[in-house]
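In this chain, numbering begins with 1 at the start of the sequence shown. This structure is a prediction, so every number in the text was calculated from the model and none was measured.
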Amino acid sequence: MTTDERAITVPGAPSISGLAFRRFRGEPDYPIMVAILNACDAADGLDHVSTMDEIAHAFAHLRNCDSRRDMLLAEIDGETVAFSRVSWSQQGTGERLYKCYGFVHPD
């Protein structure tokens, strides 16, 4: 098992049987992410449907984000149920604005 594949300890994580955290694995995670995004949009009553092409395009053009370091995926009993990503932008004042995006499958 490589460093990228090792489970990540998240202090304060809820005590849910089978809950584990891991890093982003690249393209193999795209279908999982699309499924989670579409389930979230459907639960929220949104008409948007995410596609593999959209995800691939977005991740090919990330700025100020190293997806293999700045993403976290949550699994329950080996099934990915959530993911998050952090990025930043430089403000005119010299300060950085950090943005965190997170999606949890509604089931």
* Spell out, yes or no, whether Phe103 and Phe24 are grouped together once hydrophobic residues are joined by side-chain heavy atoms under 4.5 Å, including indirect joins. => yes
I'd like a table of donor-acceptor pairs (distance under 3.5 Å, sequence neighbours excluded) in which one partner is a side-chain atom from residues 26-36, with atom names and distances.
unit_1 : atom_1 : unit_2 : atom_2 : d
Asp29  : OD1    : Arg22  : NH1    : 3.4
Asp29  : OD1    : Arg22  : NH2    : 2.7
Asp29  : OD2    : Arg22  : NH1    : 3.0
Asp29  : OD2    : Arg25  : N      : 2.7

* **Within 6.0 angstrom of Gln90 CD, more than 12 heavy atoms from elsewhere** => yes
* Are the side chains of Leu62 and Asp70 in touch, meaning some heavy atoms are under 4.5 Å apart? -> no
* Once you round to the nearest 0.5 Å, how far does CG of Asp77 lie from OG of Ser17? -> 6.0 Å
* Asked: Is Met52 reachable from Met71 through a run of I, L, V, M, F, W or Y residues, each pair having side-chain heavy atoms under 4.5 Å apart?
  -> yes
* **Ile16 with Phe21, same ILVMFWY side-chain cluster at under 4.5 Å** => yes
* To do: Inspect the surroundings of CD in Gln91 and state if more than 12 heavy atoms from other residues, nucleotides or ligands are less than 6.0 Å away.
  => yes
* So, Asn38 side chain and Ser50 main chain: donor-acceptor pair closer than 3.5 Å or not? -> yes
* Value rounded to 0.5 Å, distance of CG in Leu73 from CZ in Arg23 -> 10.5 Å
* Asked: About how many Å separate CH2 of Trp88 and SG of Cys65, when rounded to the nearest 0.5 Å?
  -> 11.0 Å
* Structure fact -> d(His105 NE2, Leu37 CG) to nearest 0.5 Å is 10.5 Å
* Asked: Ile8, Leu19: one ILVMFWY side-chain cluster at the under-4.5 Å cut-off?
  -> yes
* Asked: How far apart are the closest heavy atoms of Tyr101 and Ser87, and which atoms are they?
  -> CE1-OG, 3.9 Å
* Asked: Is Val104 reachable from Val81 through a run of I, L, V, M, F, W or Y residues, each pair having side-chain heavy atoms under 4.5 Å apart?
  -> no
